[in-house]
Visitor: 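Got a structure for you, written out below as structure tokens; questions coming shortly.
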Amino acid sequence: MQIGTTLTRFIIEEERQHPEATGEFTGLLTELASAAKIISRDVNKAGLAEVMGITGRTNVHGEEVQRLDEFANSLVIHTTDHTGRLAGLASEEMDDIYPIPDKHPRGNYILVYDPVDGSSNIDVNVSIGTIFSIYRKRSASGVTLNDFLRPGREQVGAGYIIYGSSTMLVYTTGSGVHGFTLDPSIGEFLLSHENIQIPARGQYYSANEGNAPKWDPAIRHYVNYLREDDKASGRPYSARYIGSLVADFHRNLLKGGIFLYPGDAKSPRGKLRLLYEAAPLAFIVEQAGGAASDGEQPIMDLQASELHQRTPLFIGSSEDVATLEEFAQGKRAPEGIEGIRVSSV
Ligand code: AHM
Ligand code: MG
């Protein structure tokens, strides 16, 4: 489709390919895009709020100011809860699932999201994001926790919005990955990146190396391997780490590379959440020709047993993730050192 096509038109045309579609799904994506525009506006004002001294929980009128992540969390609920498309929501910001209240019509979809990811970067003007994931509900009536505890393979849509030098929405419904850039002068997301493909091998690795002493030796060996000089295999890699998953992922999606957040001695399952962060990005990266793994198996195959479950995450270019798995599974190690299997694998 033509570069510059609006997101709304693009998703309507995409849905036309599925004659059985009811329009419910298109409606839901459109609502999420509207919420994203409002969050984007507030992200842009966050720095100003800081300068004006109004983020200390009260504003100039003495009213309490919501933190951006709380604001974004309720905004997504208020944009989607009354339109009859969702049966329930779950967010990284809420302890429990949020079934659509009885006063509103209930739909067939389940929305799982992280309203503001990379929240430690809000105050320092560094890119942050929103991540979302959509499933079809399973329960015949009502909605239960089981509707949310699903393998990523069952997602019907996933995406993220990155609030960076421009605001971009990137999503997949299982037929490729498409990126749209917000044109603030008209308030529309316009197609800017059609059918994104991640390079099979990259030049970048993204990891919080401050945690390296706590990592399993197999992961340290892998990162040391990436830093070795070997022109034939494109090494050494460059390090790029912002500390906002969406931003680190987005760069690697476009340029190629691998993002690593392993488990460590203190947190064997790592930091990132399976349902809100890992699974949606895994769906996107697979659709773009890349891979996502917990070191042993594809993230998309992991069955969540609790809502806020964490998982080690290795995601990016397919060949890079494959090499990482060889190290993590003890099949490969630097010369003179025996392979060590990651202990949590
Ligand atoms: P958050 O959901 O509380 O913002 O935490 C998730 C973020 C990710 O965006 C990022 O990849 C990771 O935490 C960074 O963690 P660390 O500061 O340990 O490197
Ligand atoms: Mg998060």
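What you see is a predicted model, and the numbers here were worked out from it, not measured in a lab. We count ligands from 1, going down the list as the structure has it; atoms in each ligand are counted the same way.
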Visitor: Yes or no on side-chain hydrogen bond (donor to acceptor under 3.5 Å, both in side chains) for N73 and S91, after CA distance, side-chain angles and deciding distance?
Guide: CA-CA 7 Å; N73 185 56; S91 152; 2.7 Å; yes

Visitor: Tell me if the aromatic rings of F259 and F314 count as close, with their centers under 6.0 Å from one another.
Guide: no

Visitor: Which atom name would you report as the N, O or S atom of D117 nearest the Mg ion (ligand 2)?
Guide: OD1

Visitor: Do the charged groups of R136 and E154 touch, with an N to O distance under 4.0 Å?
Guide: no

Visitor: Which of parallel (below 30°), tilted (30 to 60°) and perpendicular (above 60°) describes F327 and Y222?
Guide: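 F327 vs Y222 ring planes: perpendicular.
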
Visitor: Would you call E326 and K331 a salt bridge, taking side-chain N to carboxylate O under 4.0 Å as the test?
Guide: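 Salt bridge between E326 and K331, a charged N being under 4.0 Å from a carboxylate O: no.
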
Visitor: Using heavy-atom distances only, which candidate in D117, L313, I242, L245 approaches atom 11 (O) of ligand 1 most closely?
Guide: L245

Visitor: Would you call R341 and E296 a salt bridge, taking side-chain N to carboxylate O under 4.0 Å as the test?
Guide: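 Yes, this pair counts.
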
Visitor: Should I11 and V76 be counted in the same cluster of Ile, Leu, Val, Met, Phe, Trp and Tyr side chains packed under 4.5 Å apart?
Guide: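 Yes.
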
Visitor: Would you mind checking which non-hydrogen protein atom is closest to atom 10 (C) of ligand 1, with the distance to 0.1 Å?
Guide: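 Going atom by atom, the protein heavy atom closest to atom 10 (C) of ligand 1 ends up being G243 O, 3.4 Å.
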
Visitor: What's the atom name of the N, O or S in E277 nearest to the Mg ion (ligand 2)?
Guide: OE2

Visitor: Between S267, A247, P115, G118, flag the one that comes closest to atom 4 (O) of ligand 1 by a heavy atom.
Guide: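 Checking each option, the heavy atom nearest atom 4 (O) of ligand 1 is found in G118.
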
Visitor: When only distance counts, is Y241 in polar contact with ligand 1, meaning an N/O pair under 3.5 Å?
Guide: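 Yes - when backbone and side-chain N and O of Y241 are compared with those of ligand 1, one distance drops under 3.5 Å.
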
Visitor: D114 heavy atoms, cut-off 4.0 Å: which ligand 1 atoms fall inside?
Guide: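 Selected atoms, number and element: 2 (O).
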
Visitor: Taking only heavy atoms of F259, which atoms of ligand 1 are found under 4.0 Å from at least one of them?
Guide: 11 (O)

Visitor: Can you sort out which atoms of ligand 1 are near N208, meaning under 4.0 Å from one of its heavy atoms?
Guide: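 Atoms satisfying the 4.0 Å criterion: 16 (P), 18 (O), 19 (O).
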
Visitor: Show me which atoms of ligand 1 lie under 4.0 Å from any heavy atom of Y261.
Guide: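 Those of ligand 1 that fall under 4.0 Å from Y261 are 15 (O), 16 (P), 18 (O), 19 (O).
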
Visitor: Can you tell me which residue among L182, I161, T181 is in a side chain to side chain contact (heavy atoms under 4.5 Å, CB included) with M168?
Guide: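 Looking at L182, I161, T181, the match for M168 under the side chain to side chain contact (heavy atoms under 4.5 Å, CB included) is T181.
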
Visitor: Going by the order shown, which atoms of ligand 1 are within less than 4.0 Å of some heavy atom of E92?
Guide: 2 (O)

Visitor: Which residue and non-hydrogen atom of the protein lie closest to atom 3 (O) of ligand 1, and at what distance in Å?
Guide: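 Heavy-atom neighbour on the protein nearest atom 3 (O) of ligand 1: S119 OG, 3.7 Å.
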
Visitor: Name the residue from L86, I77, T83 that meets the side chain to side chain contact (heavy atoms under 4.5 Å, CB included) definition with I100.
Guide: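 Of the listed residues L86, I77, T83, the side chain to side chain contact (heavy atoms under 4.5 Å, CB included) partner of I100 is L86.
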
Visitor: OE1 (E92) to the Mg ion (ligand 2) to OD2 (D114): angle, nearest 10 degrees?
Guide: 70°

Visitor: Looking only at N/O atoms, are K271 and ligand 1 under 3.5 Å apart anywhere?
Guide: yes

Visitor: Looking at ligand 1, is there an atom of it that comes within less than 4.0 Å of some heavy atom belonging to E277?
Guide: yes

Visitor: Would you say T80 and E31 are linked by a side-chain donor-acceptor pair, where the criterion is simply a distance under 3.5 Å?
Guide: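 No pair is found: no donor N or O on one side chain lies under 3.5 Å from an acceptor on the other.
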
Visitor: Does the pair R85/E24 count as a salt bridge with the N-to-O cut at 4.0 Å?
Guide: no

Visitor: Can a non-hydrogen atom of Y276 be found less than 4.0 Å from any atom of ligand 1?
Guide: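 So Y276 does not count as touching ligand 1.
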
Visitor: Under 4.0 Å from any heavy atom of S244, which atoms of ligand 1 are there?
Guide: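 That gives atoms 9 (O) of ligand 1.
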
